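Per chain, numbering begins at 1; letters A, B, ... match sequence-line order. It should be emphasised that the depicted structure is a prediction, and the values quoted were computed from it without experimental measurement.
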Amino acid sequence: MRGRVSKSRTTRRESKQPNDEMLLKLELRSNPEALCLVRATVERAAEVLHFPEGDARAIVRSVDEALANVMRHAYGGRQGLPIEMRCRRWSGESTEGKQSGIEIVLQDHGIAVDPTKMKGRPLNEIRPGGLGLHFIRQSMDVVEFSRKNGKNQLRMVKYLTPTPRPAGSEGE
Amino acid sequence: MRGRVSKSRTTRRESKQPNDEMLLKLELRSNPEALCLVRATVERAAEVLHFPEGDARAIVRSVDEALANVMRHAYGGRQGLPIEMRCRRWSGESTEGKQSGIEIVLQDHGIAVDPTKMKGRPLNEIRPGGLGLHFIRQSMDVVEFSRKNGKNQLRMVKYLTPTPRPAGSEGE
Amino acid sequence: MDIAARPAAGGTILDITGDIDLAHSPAVRKALLQEIKEKKTPKVYLNLEKVRYIDSSGIASLVEGLKASRDLGSRLVLYGLSKSVREVMELSRLQKIFEIHDDEAQATAS
Amino acid sequence: MDIAARPAAGGTILDITGDIDLAHSPAVRKALLQEIKEKKTPKVYLNLEKVRYIDSSGIASLVEGLKASRDLGSRLVLYGLSKSVREVMELSRLQKIFEIHDDEAQATAS
Ligand SMILES: Nc1ncnc2c1ncn2[C@@H]1O[C@H](COP(=O)(O)OP(=O)(O)O)[C@@H](O)[C@H]1O
Ligand SMILES: Nc1ncnc2c1ncn2[C@@H]1O[C@H](COP(=O)(O)OP(=O)(O)O)[C@@H](O)[C@H]1O
């Protein structure tokens, strides 16, 4: 009689209203102490969307590195300046067909990104720095920098690869 | 030679600009699935402000119960409706003199709170429900409900009781 | 949140994994009442070892389970309470109302 | 974030507790360079058992420590890497560049 009695899932409900797909919006300041708060939030968001642990870590790492870059580069290390993060359940088409996943959008009012500088160091050179963008690009399926109305925006999407649920796990 | 080399603290820096005391602002929807995200965020916020674990749990519990009440009572269980949480480092005067701590303000657009109903059940009656407000009032030092511009606001403050740091813990 | 049932001494163990908050307390309530009222299991154990957090709605579900089992003369036994869950039991003044054991061995021997 | 030093086989162990992120990597860098360059400790162990997370700025601090120790002919030894920290080492292609051991016993015997 071993069996799963119930498995709460959160993916069905709000499929009609696109607004409801928003998980949350977070406004923080460019203070490195805020990073651990954001990491905790994003980790749970990934959990709520049923990302496997490894993918959740990848998403957390990407958001952390992207925010650190905003603090260090876009804001040149100045503290107390505003950063926004929006986090939503995403669904759409990728080259592999229909996909669902998580979309995270960061916005800041810092200096415009210089596209020619937006690359890390060659990975075979052993020196400090130049790793953040590598981490982000290796972790996320979509990474898009843009500038709109004097704001930098970074949009990241990670697809949720459906993992087959174990047999007999839908008890009721 | 056992000794503490360094202890990063975050309390000094931004004492001049009151704006910088803001830890974060979070916008969420009245979906119960969001509660675990908020708990994770608040837990880390309490950690960053050096609250002891028991106090951190009390703060998390209060925010969770207060948000659950907004979802169930102010919004009558309807999902997708906006809730705001602001979280800042607080300092001011209490009856015990100068205090610092954490201030958490929740706002919603739901129906106005009926002050005559704002009480839990007697704790010696064993029946489901009626515990949330007890938890909040037992955990927080300040609990203030108000209504402004068609919005309900709940302001909660928890004082940070200074714990003496162990001798020799300030290595440099 | 995950709830799994398995047989145990004189009854059934419900293993709960996750936080019992407003999002998940209805599932816990449903599983409990099903076990107690429908299946009429004489002894229902609630394994809370993997529960990091319980809120007042979760406590309400447990109280409903307790009332149902009292009505039927069956038993509801909790074990594996984390510090945080234990704290909430105390805040609710329910630590003496529920039958609470440290671990599975103690609970099933009770 | 907390960094504590204690003596060990042929050198010093730095016990790190907390996340090595942008907020805390400067403290780790400082402690490392102090141990390696100022105190000229021949073997510096970095105990990462209580580090849940490291970001690229943390990795940069470790790389600086490694370079300093190479310059001085001393050793920097890491141990107790969590899955998450190990993953970041691999993403950085540094898992073979650093001297990494599973635990304190292995590290101090090395
Ligand atoms: N948000 C940003 N705004 C402006 N420039 C950026 C931003 N993110 C990255 N960059 C540029 O890309 C370079 C590489 O970034 P990264 O790989 O994260 O390494 P690092 O930040 O250590 O240099 C940075 O040095 C910087 O010039
Ligand atoms: N945010 C709120 N808006 C409106 N009414 C509320 C709110 N919070 C609490 N209340 C009222 O206070 C009562 C007691 O709340 P509580 O102690 O949390 O227990 P419960 O929610 O289980 O009834 C509620 O039943 C409700 O009438």
Evaluate the criterion salt bridge (charged side-chain N to carboxylate O under 4.0 Å, His left out) for residue pair C:Lys83 and B:Glu53; output intermediate values, then yes/no. CA-CA 11 Å; C:Lys83 190 167 196 169; B:Glu53 271 180 38; 5.9 Å; no
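- Distance CD/B:Gln138 to CG/C:Leu91: 5.0 Å, rounded to 0.5 Å.
- Using a 4.5 Å cut-off between heavy atoms, C:Ile59 contacts chain B through its side chain alone, with no backbone atom that close.
- Heavy atoms only, all atoms of each residue included: B:Pro128 and C:Lys67 are closest at CD-CE, 4.3 Å.
- A side-chain donor-acceptor contact under 3.5 Å links B:Glu65 to the backbone of C:Ser56.
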Assess whether side chain to side chain contact (heavy atoms under 4.5 Å, CB included) is satisfied between C:Asp55 and B:Phe135, documenting all intermediate values. CA-CA 9 Å; C:Asp55 74 357; B:Phe135 288 2; 5.9 Å; no
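- Among residues 93-110 of chain C, the residues having any heavy atom closer than 4.5 Å to a heavy atom of chain B are, in sequence order, C:Arg93, C:Leu94, C:Ile97.
- For CG of B:Asn149, the number of neighbouring non-hydrogen atoms (other residues, nucleotides, ligands) closer than 6.0 Å is 12 at most.
- To the nearest 0.5 Å, atom CZ of residue C:Arg52 and atom CD of residue B:Glu43 are 9.0 Å apart.
- The neighbour count for C:Lys37 NZ, taken as heavy atoms of other residues, nucleotides or ligands under 6.0 Å away, does not exceed 12.
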For C:Tyr53 and B:Arg61, run side chain to side chain contact (heavy atoms under 4.5 Å, CB included): C-alpha distance rounded to whole Å, both residues' side-chain angles, the deciding distance at 0.1 Å, then the answer. CA-CA 9 Å; C:Tyr53 182 79; B:Arg61 195 185 295 127; 3.9 Å; yes
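- Across B:Cys36 and C:Asp21, no two heavy atoms sit closer than the pair N-OD2, 4.3 Å.
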